[in-house]
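Working notes for the structure below.
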Amino acid sequence: MTTKQELVYRQLVTLPDGGRVLLRPLTHEDRQALIDLFAPTSADDRRYMRHNVNDPAVVGRWIDELDYDKVLPLVAVISDRIVGNATLHFFEGPARHRAEVRIFLNKEIRRRGVGSRMLLAITELAKRRSIYMVEAQIISDQTNVIKSFQKLGFELKCVLDDYFILPDGELRDVAHLIIRLRDFGGDF
Ligand SMILES: CC(C)(COP(=O)(O)OP(=O)(O)OC[C@H]1O[C@@H](n2cnc3c(N)ncnc32)[C@H](O)[C@@H]1OP(=O)(O)O)[C@@H](O)C(=O)NCCC(=O)NCCS
């Protein structure tokens, strides 16, 4: 369940190059800033994404349907501009101890350490929700992205053949990565 602590969560991050980024949960006031983050997404990037993020109606719906008990979105903000969005998707029933993370950063801000800090923050929020493990699915040819998740402690569990179909019908293998936040012995 969403806690007050989550609603007021703030982390001011200083990047290795000195840049400052605020990490906080997405709110209803962020509609235009979130649309502006996704609107410039290139056709190339969009091929690998689940939704047509260039469409303001699609992104606007995420704001309308904001429910932190289903999806907890964390945004990275620089000078009132959203430059990144990482979401933690919760499951139900026998999968309620797991959550899936997805992350997207503005192209101009990549390779400055923001993605790593967002993933660390979101796994911390998952821990606070008593989630046992966080998983990520990444197209297997995105080897750099897979490596960046591994650096943060995610383990490559398997590669699922032909698991993702691109808009033109091409099939792609998907890497399934998991980070364990708890063990049978308790928290670490
Ligand atoms: C994946 C993504 C979130 C990474 O965020 P980022 O802020 O660029 O990553 P960081 O700057 O924190 O880099 C972390 C590590 O990733 C590696 N890395 C990331 N992108 C890389 C690239 N294009 N080439 C080489 N290495 C790369 C680096 O090794 C880096 O480690 P270093 O600090 O030791 O150099 C970002 O590239 C993105 O939004 N990509 C598009 C969406 C996507 O692929 N999402 C993942 C699927 S859920």
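Numbering of ligands and ligand atoms starts at 1, following listing order.
Among Asp141, Asp161, Asp162, the one residue that satisfies the side-chain hydrogen bond (donor to acceptor under 3.5 Å, both in side chains) test with Arg172 is Asp141.
The N/O atoms of Phe149, backbone and side chain alike, include none that comes under 3.5 Å of an N/O atom in ligand 1. In terms of N/O distances under 3.5 Å, ligand 1 is approached by Leu105.
The environment of Glu170 atom CD is dense: over 12 non-hydrogen atoms of other residues, nucleotides or ligands sit within 6.0 angstrom. The number of heavy atoms from other shown groups lying within 6.0 Å of CD (Glu155) does not exceed 12. At most 12 heavy atoms of other shown residues, nucleotides or ligands fall within 6.0 angstrom of atom CG in Asp80. Within a 6.0 Å sphere centred on OH of Tyr9, heavy atoms belonging to other residues, nucleotides or ligands number more than 12.
Listed by number with element, the atoms of ligand 1 under 4.0 angstrom from any heavy atom of Ser116 are 10 (P), 12 (O), 13 (O), 14 (C). Of all atoms in ligand 1, listed by their number and element, those nearer than 4.0 Å to a heavy atom of Val114 are 7 (O). Near Gln142, meaning under 4.0 Å from one of its heavy atoms, ligand 1 places the atoms 44 (O). Residue Lys151 has at least one heavy-atom neighbour below 4.0 Å for each of these atoms of ligand 1: 28 (C), 29 (O), 30 (C), 31 (O), 32 (P), 34 (O). Listed by number with element, the atoms of ligand 1 under 4.0 angstrom from any heavy atom of Asn144 are 21 (C), 22 (C), 24 (N), 25 (C), 26 (N), 27 (C). Residue-ligand proximity, Ser148 to ligand 1, at heavy-atom distances under 4.0 Å covers atoms 14 (C), 15 (C), 16 (O), 17 (C). Which parts of ligand 1 touch Arg112 is read off a 4.0 Å heavy-atom cut-off, strictly below it: atoms 11 (O). For ligand 1, the atoms sitting less than 4.0 Å from at least one non-hydrogen atom of Phe104 are 39 (O), numbered in the order shown with element in parentheses.
Atom 4 (C) of ligand 1 is not flagged as protein-proximal [any protein heavy atom, distance under 4.0 Å]. For atom 33 (O) of ligand 1, the protein comes within 4.0 Å by no heavy atom at all.
Atom CG of Leu120 sits about 11.0 Å away from atom CD1 of Ile122, to the nearest 0.5 Å. Distance check: Tyr68 OH to Leu88 CG gives 13.0 Å after rounding to the nearest 0.5 Å. Put simply, CG on Asn106 and CZ on Arg81 are 5.0 Å apart, with the number rounded to the nearest 0.5 Å.
Proximity of Lys147 to ligand 1, defined as any heavy-atom pair under 4.0 Å, is not found for any part of the residue. Residue contacts with ligand 1, taken as heavy atom pairs separated by less than 4.0 Å, involve Ile103 via backbone and side-chain atoms alike.
Salt bridge status for Glu100 with Arg98: absent, with no side-chain N to carboxylate O gap under 4.0 Å. Comment: Asp44 does not engage Lys107 in a salt bridge, judged by the lack of any side-chain N to carboxylate O separation of less than 4.0 angstrom. Checked for salt-bridge contact, Arg128 and Glu6 miss the test: no charged N lies under 4.0 Å from a carboxylate O.
Of the protein's non-hydrogen atoms, Arg111 NH2, 3.7 Å is the one closest to atom 28 (C) of ligand 1. For atom 7 (O) of ligand 1, the closest heavy atom belonging to the protein is Gly115 N, 2.7 Å. Summary of contacts: the protein heavy atom closest to atom 47 (C) of ligand 1 is Ile138 CG1, 4.0 Å. Considering only non-hydrogen protein atoms, atom 1 (C) of ligand 1 sits nearest to Val145 CG1, 3.7 Å.
The heavy atom nearest to atom 41 (C) of ligand 1, out of those in Arg102, Arg110, Met118, is found in Arg110.
Between Gly113 and ligand 1 there is a heavy-atom distance shorter than 4.0 Å.
In this structure, Phe38 and Phe104 have parallel ring planes: the angle between them is below the 30° cut-off, well short of the 60° mark.
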